[in-house]
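This report refers to the structure that appears directly beneath it.
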Amino acid sequence: MYNNGLPVMKWITFALEALMAIPLIGGTFVISYGYGPLFVAFILHLITLVLAIRARRSPFGNAIGIVTSAIAWIPIVGWIMHTITAIVLLIEALAVSMRSSSVHQPPYDSSNRRY
């Protein structure tokens, strides 16, 4: 089954969450842009959630990301949530990427060898 950009979106949302999980740097990034990155992250998580559901893959990381985007304005809570979300998205991105790379390759057939 084709994933319709799901692996790329999982990696993008992971990278954004990982950036915002870096102490001081992530907080400075979010505050300096007037909390706009939280809104962008919310939209990206929502899009990826829909893609994951359509591809019948785990939407869990992006569901957590939506919650994280909504409550991340709370300083310590936001950092903890961004860290948790980044870890879950990393695991899901690796799983989706490994599956999508194996889906596009035909299975090995020993009767089809050429000498």
Side-chain angles (χ1 to χ4, degrees):
M1 173 182 256
Y2 182 65
N3 287 320
N4 296 330
L6 181 61
V8 172
M9 289 301 292
K10 286 283 187 181
W11 283 110
I12 289 171
T13 54
F14 157 71
L16 184 58
E17 289 295 333
L19 171 69
M20 291 189 280
I22 301 170
L24 297 176
I25 295 172
T28 303
F29 172 69
V30 170
I31 292 171
S32 68
Y33 285 101
Y35 296 92
L38 296 179
F39 178 72
V40 170
F42 180 85
I43 298 300
L44 290 174
H45 284 302
L46 192 60
I47 292 168
T48 310
L49 180 81
V50 171
L51 290 175
I53 291 170
R54 284 185 172 177
R56 297 182 184 194
R57 302 295 295 164
S58 174
F60 187 65
N62 295 104
I64 295 172
I66 289 171
V67 173
T68 298
S69 298
I71 64 170
W73 54 271
I74 305 169
I76 301 299
V77 174
W79 172 69
I80 293 168
M81 290 297 294
H82 284 305
T83 303
I84 292 169
T85 304
I87 291 168
V88 173
L89 284 170
L90 174 61
I91 293 167
E92 288 183 359
L94 287 170
V96 169
S97 294
M98 287 191 305
R99 175 139 193 239
S100 66
S101 66
S102 66
V103 168
H104 299 296
Q105 296 175 356
Y108 178 72
D109 183 11
S110 62
S111 66
N112 204 11
R113 286 187 287 186
R114 295 184 182 156
Y115 294 99

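One-based numbering along the sequence shown. Quick caveat: nothing in here was measured; it's all calculated off a predicted structure.
- Neither Ile64 nor Phe14 shares a network with the other; the hydrophobic side chains, linked directly or stepwise wherever heavy atoms of I, L, V, M, F, W or Y lie under 4.5 Å apart, form separate groups for each.
- Val96 and Pro7 make their closest contact through CG1-CG, 3.4 Å (heavy atoms, listed as atom of the first residue, atom of the second, distance).
- In terms of the side chain to side chain donor-acceptor pair (under 3.5 Å) criterion, residue partners of Thr68 (sequence neighbours excluded) are, by chain and number, Thr85.
- With sequence neighbours left out, Trp11 forms a side chain to side chain donor-acceptor pair (under 3.5 Å) with Ser97.
- The side-chain contact (heavy atoms from CB on, under 4.5 Å) check on Ile91 picks up Ile87, with sequence neighbours excluded.
- There is a path of hydrophobic side-chain contacts, each under 4.5 Å, that joins Phe42 to Ile31.
- Residue pairs meeting the ring-ring contact (aromatic ring centres under 6.0 Å, His included) criterion with at least one partner in residues 52-83, sequence neighbours excluded, do not occur; the list is empty.
- Note: the hydrophobic cluster containing Leu89 does not contain Ile53 (ILVMFWY, side chain heavy atoms under 4.5 Å, direct or indirect links).
- Atoms CG and CD1, on Leu46 and Ile66 in that order, are 5.0 Å from each other to the nearest 0.5 Å.
- To the nearest 0.5 Å, atom CZ of residue Arg57 and atom CG of residue Leu6 are 7.5 Å apart.
- The list of salt bridge (Lys or Arg N to Asp or Glu O under 4.0 Å) pairs with a residue in residues 40-49, not counting sequence neighbours, is empty.
- Every residue meeting the side chain to side chain donor-acceptor pair (under 3.5 Å) condition with His45, not counting sequence neighbours, appears here in chain and number order: Glu17, Asn62.
- Every pair tested for salt bridge (Lys or Arg N to Asp or Glu O under 4.0 Å) that includes a residue from residues 29-45 fails, sequence neighbours excluded, so the list is empty.
- Sequence neighbours left out, not one pair with a member in residues 21-40 passes side-chain hydrogen bond (donor to acceptor under 3.5 Å, both in side chains).
- Met20 and Val77 end up in the same hydrophobic cluster when Ile, Leu, Val, Met, Phe, Trp and Tyr side chains are linked at under 4.5 Å.
- Looking at residues two or more places apart in sequence or on another chain, you find a side-chain contact (heavy atoms from CB on, under 4.5 Å) between Val40 and Leu44.
- For Val88 against Gly61, the heavy-atom pair with the smallest separation is CG1-CA, 3.5 Å.
- Grouping Ile, Leu, Val, Met, Phe, Trp and Tyr residues whose side-chain heavy atoms lie under 4.5 Å apart, directly or via other members, leaves Leu24 alone, with no other cluster members.
- A distance of 12.0 Å separates CG of Leu38 from CD1 of Ile43, quoted to the nearest 0.5 Å.
- The two residues Pro37 and Leu16 have their closest heavy-atom pair at O-CD2, 4.5 Å.
- Scanning for side-chain contact (heavy atoms from CB on, under 4.5 Å) contacts around Val8 gives Ile12, with sequence neighbours left out.
- The side chain to side chain donor-acceptor pair (under 3.5 Å) search around Ser58 returns Glu92, not counting sequence neighbours.
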